[in-house]
Amino acid sequence: MNKTRMLLYALLATTAVGASPCAYAQTVGTVWDSSQLPETRGTVRQYTLTPRGDVDGLILIDGTEVKLPPHLTGQIVFAIRPGDAVSIRGLRARAIPLIDATAITNVATGKSVVDNGPPGGGRDRGGDTQAVSGRIASTLHGKRGEVNGALLEDGTVLRLSPPEAERFEGWLRPGQMVSVRGDMLDTALGRVIDVRALGSSPDQMTELAGPRPPRGPKDGPDRPGPPPPPPGFGPPAPPRG
C-alpha cells in the first residue's frame, strides 16, 4: 500500500511540473490587474483622433482628456460612444486633467476595453489638404503630458509634433483664433487635421518643420522661419542654445 501511494505521489508531482509552463503561458498576458488602478467616472463628449484617423483617446464632458492606444480603435468604437457614461481605470496626471487609461467600461452596457498590448500590422491612411479656421477650445496631450495638438470649438482635432506644438504654444491656447492648413480626414468618428502650417488667417501662415516630400533643385531650402506671434502674446521666444 505504501509503495502504491509513493508511485501515485510521484505521478502527481511529475504532472504538476509538466503543466506549470502551460499554466504560466496562459496567465502571463493578464498578470497585471487594471482594477487595482484608480477609477475615474465621467461622460464621453467626443473621440480624439490621430492624423491617420485612429481613435487615440476621449474627451469627457468635464474636459478631462483620456489617452488610449490607437490599436484599440475598433474595440473603443464598438463599446464606447459619445454620450456614454464610462468608468476609466488608469493613472491621472498631477497638474493637468489627463488620464493614461488601461481599461475603460461602458457603465450602461458593461462592455469593457482593456489594453493588452498592440497587435501586429497597421493601417496607412491619408487625407486631403485643407485649410480651416476656428477658435481653440483646449489643448491636447500625449501620454507623458506633452502638448501634441488642440481641439477647436467645432470638435476638429488638430495634431502637431510636440516640438512644433511647443514652438507654436501661443497659438494653441484656449480662446485663440487660428487658421491651419494640413491633411484632413473627415470620418464618422470625427475630423482630424495633421497640421502643416498655422497662422492668424488662411493668407498668413507659417510652415511647420517636419518630414516633407523631396524638394526639387529650384525649391530652395526647407527651413521655416520663426512663427509670427499671435495677437497679444508678444514676440516669439529667442532660440534655445
Side-chain angles (χ1 to χ4, degrees), residues 46-57 59 65 67-70 73 96 98 122-187 189-241:
Q46 72 171 83
Y47 303 116
T48 60
L49 306 176
T50 70
R52 300 195 311 172
D54 296 316
V55 174
D56 70 345
I59 302 293
E65 188 178 354
K67 298 305 299 180
L68 294 158
T73 293
I96 56 178
L98 175 68
R123 291 187 295 172
D124 184 15
R125 302 173 65 175
D128 297 325
T129 299
Q130 300 283 346
V132 302
S133 300
R135 190 179 300 276
I136 300 292
S138 62
T139 52
L140 299 177
H141 303 82
K143 295 177 67 172
R144 294 183 295 275
E146 72 279 13
V147 176
N148 64 3
L151 185 69
L152 297 183
E153 288 184 345
D154 67 359
T156 300
V157 174
L158 308 180
R159 288 300 188 188
L160 299 79
S161 67
E164 290 300 88
E166 181 179 3
R167 187 165 76 101
F168 284 87
E169 179 184 6
W171 291 100
L172 303 179
R173 297 178 184 179
Q176 175 67 40
M177 285 296 299
V178 67
S179 294
V180 301
R181 183 179 69 250
D183 297 334
M184 184 175 75
L185 280 177
D186 201 350
T187 74
L189 305 181
R191 176 187 295 172
V192 58
I193 299 177
D194 186 8
V195 178
R196 300 301 184 188
L198 182 151
S200 59
S201 71
D203 298 327
Q204 295 182 347
M205 293 190 189
T206 299
E207 295 290 327
L208 273 64
R212 293 288 187 275
R215 301 173 66 88
K218 298 181 181 180
D219 290 336
D222 188 14
R223 297 180 61 85
F233 289 103
R240 298 179 179 177

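Residues: numbered from 1 along the sequence shown. Because the structure is a prediction, the values reported are computed rather than measured.
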Nearest 0.5 Å, please: how far is [atom2] in [Y] from [atom1] in [X]?
X	Y	atom1	atom2	answer
Arg181	Leu198	CZ	CG	10.5 Å
Ile193	Leu160	CD1	CG	10.5 Å
Leu68	Asp56	CG	CG	8.0 Å
Thr206	Trp171	OG1	CH2	8.0 Å
Glu166	Leu172	CD	CG	11.0 Å
Arg159	Asp194	CZ	CG	10.0 Å

Are the side chain of Gln46 and the backbone N or O of Gly190 linked by a donor-acceptor pair below 3.5 Å? no
Could you tell me whether a side-chain N or O of Thr73 sits under 3.5 Å from a main-chain N or O of Val55, the two making a donor and an acceptor? yes
Would you call Arg191-Asp186 a salt bridge at under 4.0 Å N-O? yes
Nearest heavy atoms of [X] and [Y], plus distance in Å:
X	Y	value
Pro162	Asn148	CG-CB, 4.4 Å
Leu185	Pro51	CD1-O, 3.3 Å
Met205	Ala131	CE-CB, 4.4 Å
Pro70	Thr50	CG-CG2, 3.9 Å
His141	Lys67	O-NZ, 3.1 Å
Ser138	Pro174	CA-CG, 4.2 Å

Side chains of Leu208 and Phe168: does their closest heavy-atom pair fall under 4.5 Å? yes
Is there a side-chain contact between Val132 and Asp154 in this structure, where contact means two heavy atoms from C-beta onward sitting under 4.5 Å apart? no
Please say which of Leu140, Leu151, Ile136 ends up in a side chain to side chain contact (heavy atoms under 4.5 Å, CB included) with Leu158. Ile136
Begin from the C-alpha positions of Thr48 and Ile59 and carry the test side chain to side chain contact (heavy atoms under 4.5 Å, CB included) through to its verdict. CA-CA 7 Å; Thr48 60; Ile59 302 293; 3.6 Å; yes
Just checking, any donor-acceptor pair under 3.5 angstrom between side chains of Asp203 and Ser201? no
